[in-house]
Colleague: 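First the structure, which I've put down as structure tokens, then a few questions once you've had a look.
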Amino acid sequence: MGVVEMVSRPEAILLDMDDTIIAFEHGVDVDACWFQVCGKHLKTTDLGAVRELVRAIKAQAKWYWSDAERHRDGRMDLTAARTRIIDAALRDLSFSSSRDSSVSRAIAQDYGQVRNEAIYLYNDAIETIRHIRSLGIKLALLTNGTSAEQRYKIERFNLAPLFDQILIEQEVGIGKPDPRVYLHALELLGGVEPEFAWMVGDNYEWEITAPQRMGIRGVWISHKRPLLDPRPDAAPYQSITTLSELRNLLD
């Protein structure tokens, strides 16, 4: 863990959910999820063809989600976004089924279900959040996405009682990295000033760069990636590899 200085406890912590509390991309075998549903709907015994489709879907997805505007629109309707991605992959590979968009939508819907079944809580995540609460630190869950998608996860893992406030992009009308959503969260927590708050999460733009422009200190969960950002002016306040390491910064 990259702790090189003494830190003071914040008055409030804004906590991300996906890939911070819950394994969504990091720790989930995404390829296996795609392979399962693509094999089902292609109805072929040619495993090479299924692998090629999965590869094409991942390439299309990387392009699609790389754009901030597409990302914002896509996460408001994941099934529609995934359908477009799968459609493009099928066309690129000239699959006959690409003529029928219902195949792409069926794959997208089944993939969403399989992915939801695959997500899980990171070890010690709940215990860490409870420890933060025991220190008297105010807590807000700050997550992008739709109400249905994110509330499903919150209810499944009984996260609501752990937080003073829960802000979901679709419900609030704004999401990370819009500066207003961080300020709104702090206002709901009793008007905490940005310099006395931390934002903790795995997305560098959403949890480090954007909040630190406002004076909020960003704690980056790096998931084994390099702990130091190549831009010194955008370096995180602290870097950790798991949420449980947050306890070491606070104790």
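Only heavy atoms go into these numbers, but all of them, side chains included; no hydrogens, no water, no symmetry mates. The model shown is predicted, which means the values in this text are computed figures rather than measured ones.
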Colleague: Is a side-chain N or O of N144 found less than 3.5 angstrom from the main chain of K176, in a donor-acceptor match?
Modeller: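 Between the backbone of K176 and the side chain of N144 there is a qualifying donor-acceptor contact (under 3.5 Å).
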Colleague: Can you check side chain to side chain contact (heavy atoms under 4.5 Å, CB included) on L167 and T143, steps first, answer last?
Modeller: CA-CA 6 Å; L167 290 84; T143 182; over 6 Å; no
Colleague: Which label fits H71 and W206: parallel for a plane angle under 30°, tilted from 30 to 60°, or perpendicular past 60°?
Modeller: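 The arrangement is perpendicular - the two ring planes meet at more than 60°.
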Colleague: Are S147 and Q170 close enough, and set up right, to give a side-chain hydrogen bond (donor to acceptor under 3.5 Å, both in side chains), and what steps lead you there?
Modeller: CA-CA 6 Å; S147 181; Q170 187 178 53; 4.9 Å; no
Colleague: May I ask you to decide if G145's main-chain N or O and E169's side chain share a donor-acceptor pair within less than 3.5 Å?
Modeller: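 Yes: the side chain of E169 pairs with the backbone of G145.
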Colleague: Using distance alone, with no hydrogens and no angle criterion, decide if T79 and Q109 have a side-chain donor and acceptor under 3.5 Å apart.
Modeller: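 Side chains of T79 and Q109: no pair found under 3.5 Å.
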Colleague: Is it true that a side-chain atom of R151 and a backbone atom of I168 form a donor plus acceptor pair closer than 3.5 Å?
Modeller: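 Checking the backbone N and O of I168 against the side chain of R151, no donor-acceptor pair under 3.5 Å is found.
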Colleague: Evaluate the criterion side chain to side chain contact (heavy atoms under 4.5 Å, CB included) for residue pair I86 and Y111; output intermediate values, then yes/no.
Modeller: CA-CA 11 Å; I86 296 162; Y111 175 77; 5.8 Å; no
Colleague: Should L42 and I85 be counted in the same cluster of Ile, Leu, Val, Met, Phe, Trp and Tyr side chains packed under 4.5 Å apart?
Modeller: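 Yes; tracing contacts between hydrophobic side chains, which count when under 4.5 Å, links both residues.
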Colleague: Is the shortest side-chain heavy-atom distance between I13 and V219 below 4.5 Å?
Modeller: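 Heavy-atom side-chain distance check fails, nothing below 4.5 Å.
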Colleague: Would a distance-only check, ignoring hydrogens and angles, find a side-chain to backbone donor-acceptor pair under 3.5 Å from Q212 to Y237?
Modeller: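 Indeed, once roles are kept as given, a pair shorter than 3.5 Å links the two residues.
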Colleague: Below 4.5 Å, heavy atoms only, C-beta onward: do S104 and L90 meet side chain to side chain?
Modeller: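 Yes. Closest side-chain heavy atoms under 4.5 Å.
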Colleague: Consider only side-chain heavy atoms of I, L, V, M, F, W and Y, link residues closer than 4.5 Å, and tell whether L250 and I216 are in one cluster.
Modeller: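 Not linked; separate clusters.
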Colleague: Could you tell me how the ring of Y204 sits relative to the ring of W220: parallel (under 30°), tilted (30 to 60°) or perpendicular (over 60°)?
Modeller: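 Answer is perpendicular, since the angle exceeds 60°.
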Colleague: Consider only side-chain heavy atoms of I, L, V, M, F, W and Y, link residues closer than 4.5 Å, and tell whether L14 and I129 are in one cluster.
Modeller: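 No, L14 does not connect to I129 through the hydrophobic network.
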Colleague: Quick test of your reading of the model: are K58 and D31 salt-bridged, counting only N-O distances below 4.0 Å?
Modeller: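 A salt bridge is present here (some side-chain N lies under 4.0 Å from a carboxylate O).
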Colleague: Can you tell me if CZ on R156 sees more than 12 non-hydrogen neighbours from other groups inside 6.0 Å?
Modeller: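 Correct, the count exceeds 12.
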Colleague: Would R115 and E25 count as a salt bridge (Lys or Arg N to Asp or Glu O under 4.0 Å) here? Give the steps.
Modeller: CA-CA 9 Å; R115 278 296 307 278; E25 293 285 347; 3.8 Å; yes
Colleague: What I want to find out is whether E195 reaches R217 closely enough, with some N-O distance under 4.0 Å, to be called a salt bridge.
Modeller: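 Looking at R217 together with E195, the answer is no, because their closest N to O distance does not fall below 4.0 Å.
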Colleague: Answer with yes or no whether the side chains of D110 and H41 bring together a donor and an acceptor at under 3.5 Å.
Modeller: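 Short answer, yes.
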Colleague: Do D16 and V200 have side chains that get closer than 4.5 Å, going by heavy atoms?
Modeller: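 Side chain of D16 against side chain of V200, heavy atoms only: no contact under 4.5 Å found.
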Colleague: Answer yes or no: is there a side-chain heavy-atom contact under 4.5 Å between F35 and K40?
Modeller: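 F35 vs K40: side chains apart.
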Colleague: Let's go through E205 and R213 carefully: what are the C-alpha distance in whole Å and the side-chain angles of both, what is the deciding distance for salt bridge (Lys or Arg N to Asp or Glu O under 4.0 Å) to 0.1 Å, and is it a yes or a no?
Modeller: CA-CA 11 Å; E205 173 62 25; R213 291 193 193 106; 3.7 Å; yes
Colleague: Main chain of D19, side chain of H223: is a donor-acceptor contact present, judged purely on distance under 3.5 Å?
Modeller: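 Side chain of H223 to backbone of D19, a donor-acceptor pair under 3.5 Å: yes, one is there.
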Colleague: May I ask you to check if R55 and W34 form a cation-pi contact, with NZ or CZ under 6.0 angstrom from the six-membered ring centre and within 45° of the axis?
Modeller: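 R55 over W34 ring: no.
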Colleague: Taking atom CG of D178 and atom NE2 of H184, what is their separation to the nearest 0.5 Å?
Modeller: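 So the CG of D178 and the NE2 of H184 are separated by 11.5 Å.
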Colleague: Do R75 and T146 come within less than 4.5 Å of each other through their side chains, counting heavy atoms only?
Modeller: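 Heavy-atom side-chain distance check fails, nothing below 4.5 Å.
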Colleague: Between K153 and F24, is NZ or CZ placed under 6.0 angstrom from the six-membered ring centre and within 45° of the ring axis?
Modeller: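 K153 over F24 ring: yes.
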Colleague: Side chain to side chain contact (heavy atoms under 4.5 Å, CB included), that's the test. Do R82 and Y64 meet it? Break it down for me.
Modeller: CA-CA 9 Å; R82 288 167 178 160; Y64 183 91; over 6 Å; no
Colleague: Given side chain to side chain contact (heavy atoms under 4.5 Å, CB included), test L159 with I126 step by step and report yes or no.
Modeller: CA-CA 8 Å; L159 299 179; I126 299 301; 3.5 Å; yes
Colleague: Report yes or no: do L186 and I132 belong to one cluster of Ile/Leu/Val/Met/Phe/Trp/Tyr joined by side chain heavy-atom distances under 4.5 Å?
Modeller: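 In one cluster with L186: I132, no.
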Colleague: When hydrophobic residues are tied together by side-chain contacts of less than 4.5 Å, even through go-betweens, does L15 share a cluster with F157?
Modeller: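 Yes, one cluster joins them.
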Colleague: Are the side chains of I154 and F163 in touch, meaning some heavy atoms are under 4.5 Å apart?
Modeller: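 No, too far: nothing below the 4.5 Å cut-off.
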Colleague: Would you check if the side chain of S66 reaches a backbone N or O of W63 as a donor-acceptor pair within less than 3.5 Å?
Modeller: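 Checked: pair present.
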Colleague: Are side-chain heavy atoms of C38 and I107 found at a separation under 4.5 Å?
Modeller: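 Yes, side chains in contact.
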Colleague: Keeping the roles fixed (side chain from E207, backbone from N203), state whether a donor-acceptor pair exists under 3.5 Å.
Modeller: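 Yes; judged by distance alone, with no hydrogens or angles, the pair exists.
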Colleague: Decide ring-ring contact (aromatic ring centres under 6.0 Å, His included) for H26 and Y122; before the verdict, give the C-alpha distance in whole Å, the side-chain angles of both, and the deciding distance to 0.1 Å.
Modeller: CA-CA 10 Å; H26 299 280; Y122 283 122; 8.4 Å; no
Colleague: Side chains of D46 and V50: does their closest heavy-atom pair fall under 4.5 Å?
Modeller: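 No; the side chains remain at least 4.5 Å from each other.
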Colleague: Less than 4.0 Å between a side-chain N and a carboxylate O, is that true for E127 and R133?
Modeller: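 Salt bridge flag = no for E127 with R133.
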